[in-house]
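Keep in mind it's a predicted model, so treat the numbers as computed, not measured.
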Amino acid sequence: MAVFPAWFTVAAIVSLTVAALCAVFVTVDVTLRPQRMSVMNVVWPVTMLFGGLLWLGLYLLRGRTPRTGASQPDGDGSMAGAVAVGASHCGAGCAIGDVIAEFSLALVPGLAAVFGAGTLFQDEMYAAWIADFIFAFGLGIVFQYFAIAPMRNLPVRRGLWEALKADALSITAWQVGMYGVMALAQLAILPALFGTRAAVLSPEFWFVMQIAMLAGFATSYPVNWWLIRAGIKERM
């Protein structure tokens, strides 16, 4: 296990703890104030895991259902807010997929061979990235299906096709930003500063992943703007 300076470990633990507390708060809140779109009852708590206080602010401003039970959430309904919610919806699927993939490979190392470790890649980290993308892409499309199919009253096959059209570019753009930061951190920044990478089963890894997910949001934001403006993706 890599040994990092105490300040870095403390920063990681604090960031992850704050994110977890935000997720708990929002989970309780959406239970009391269910979302008009049921999939968002899962999306909002998950986004807290990488967005923390920033995404708590977005939820309170743009996503929280009023106590009156009105169908529209509080907020000004701006395009910028709608795109932020749409990109966050994409990110929630990516986040769950990344968590499942990374923990599965860490707990069952032999699974890495399925994704090319030892054959396509000598470094298992690249095999993990393949697994991350597959899980994130699949779950991202599922999340989009449960958003788009109920709104348009689509059958399963048509709903999946529309979800694929709506989120394939968004998910890919998110993963580009996320992978870019993770690559810089694991291959350059952490080794240069601390002489080692962060192991998956460490707070430092998930702290860096939080930052990488924010980069994913940044790279997917303009793509989501275009998708919503073009009518390919539903406005949320």
Flag if over 12 foreign heavy atoms under 6.0 Å of CZ, Arg152: yes
Minimum side-chain heavy-atom gap Phe25-Met48 below 4.5 Å: no
Close side-chain approach of Met125 and Met182, heavy atoms under 4.5 Å: no
Heavy atoms of other groups near Phe146 CZ, more than 12 under 6.0 Å: no
Inter- and intrachain pairs under side-chain hydrogen bond (donor to acceptor under 3.5 Å, both in side chains), touching residues 11-22, at least two apart: Ser15-Gln210
Side-chain donor-acceptor pair present, Tyr145, Asp167, cut-off under 3.5 Å: no
Pairwise distance CZ(Arg158) to CG(Asn153) - rounded to 0.5 angstrom: 11.5 Å
Donor-acceptor pair, side chain of Thr219 and main chain of Ala173, under 3.5 angstrom: yes
Derivation of the side-chain contact (heavy atoms from CB on, under 4.5 Å) call for Ile228 and Val83: CA-CA 7 Å; Ile228 293 171; Val83 173; 4.1 Å; yes
Side-chain donor/acceptor of His89 to backbone N/O of Phe143, under 3.5 Å: yes
side-chain contact (heavy atoms from CB on, under 4.5 Å) assessment of Trp44 paired with Thr27: CA-CA 8 Å; Trp44 282 116; Thr27 298; over 6 Å; no
Nearest heavy-atom neighbours spanning Tyr221 and Ala84: CE1-N, 3.7 Å
Chi angles and distances behind the side-chain contact (heavy atoms from CB on, under 4.5 Å) call for Cys94, Leu139: CA-CA 7 Å; Cys94 292; Leu139 283 170; over 6 Å; no
Heavy-atom side-chain contact between Phe8 and Leu193 under 4.5 Å: no
Interatomic distance, Leu60 atom CG to Asp29 atom CG [nearest 0.5 angstrom]: 7.0 Å
Ala166 backbone acceptor or donor facing Ser170 side chain under 3.5 Å: no
From Leu169 atom CG to Ser220 atom OG, the distance as rounded to the nearest 0.5 Å: 11.0 Å
Contacts of type ring pair (Phe, Tyr, Trp, His ring centres under 6.0 Å), residue Trp225, not counting sequence neighbours: none
Leu53 side chain near Cys22 side chain, heavy-atom distance below 4.5 Å: yes
Ser202 side chain to Ala198 backbone, donor-acceptor under 3.5 Å: no
Proximity of Trp206 and Phe103 rings by center, below 6.0 Å: yes
Donor on one side chain, acceptor on other, Ser88 and Trp55, under 3.5 Å: yes
Nearest heavy-atom neighbours spanning Val30 and Pro45: CG2-CG, 4.3 Å
4.5 Å side-chain heavy-atom contact, Ile130 and Phe121: yes
Validation row: Gln144, Lys233 side chains within 4.5 angstrom (heavy atoms): yes
Considering all heavy atoms, the nearest Ala215-Val181 contact: CB-CG2, 3.3 Å
Approximate separation, where rounding is to 0.5 Å, of Leu164 CG and Ile141 CD1: 5.0 Å
Val99 and Met209, any side-chain heavy atoms less than 4.5 Å apart: no
Whether Glu162 side chain and Ile148 backbone form a donor-acceptor pair below 3.5 Å: no
Smallest separation among heavy atoms of Ala147 and Met37, with atom names: CB-SD, 3.6 Å
Pairs meeting criterion side-chain hydrogen bond (donor to acceptor under 3.5 Å, both in side chains) with involvement of residues 125-138, two or more places apart: none
Steps toward side-chain contact (heavy atoms from CB on, under 4.5 Å) verdict (Phe194, Val3): CA-CA 8 Å; Phe194 309 122; Val3 178; over 6 Å; no
N/O donor-acceptor pair under 3.5 Å between Thr47 side chain and Ala92 backbone: no
Distance flag, aromatic centroids of Phe50 and Trp174, threshold under 6.0 Å: yes
4.5 Å side-chain heavy-atom contact, Leu190 and Arg197: no
Leu21 CG to Leu56 CG distance, which is reported to the nearest 0.5 Å: 10.5 Å
Test item: Asn41 side-chain N/O and Gln35 main-chain N/O as donor-acceptor pair under 3.5 Å: yes
Spacing of Ile171 atom CD1 and Met178 atom CE [to the nearest 0.5 Å]: 12.5 Å
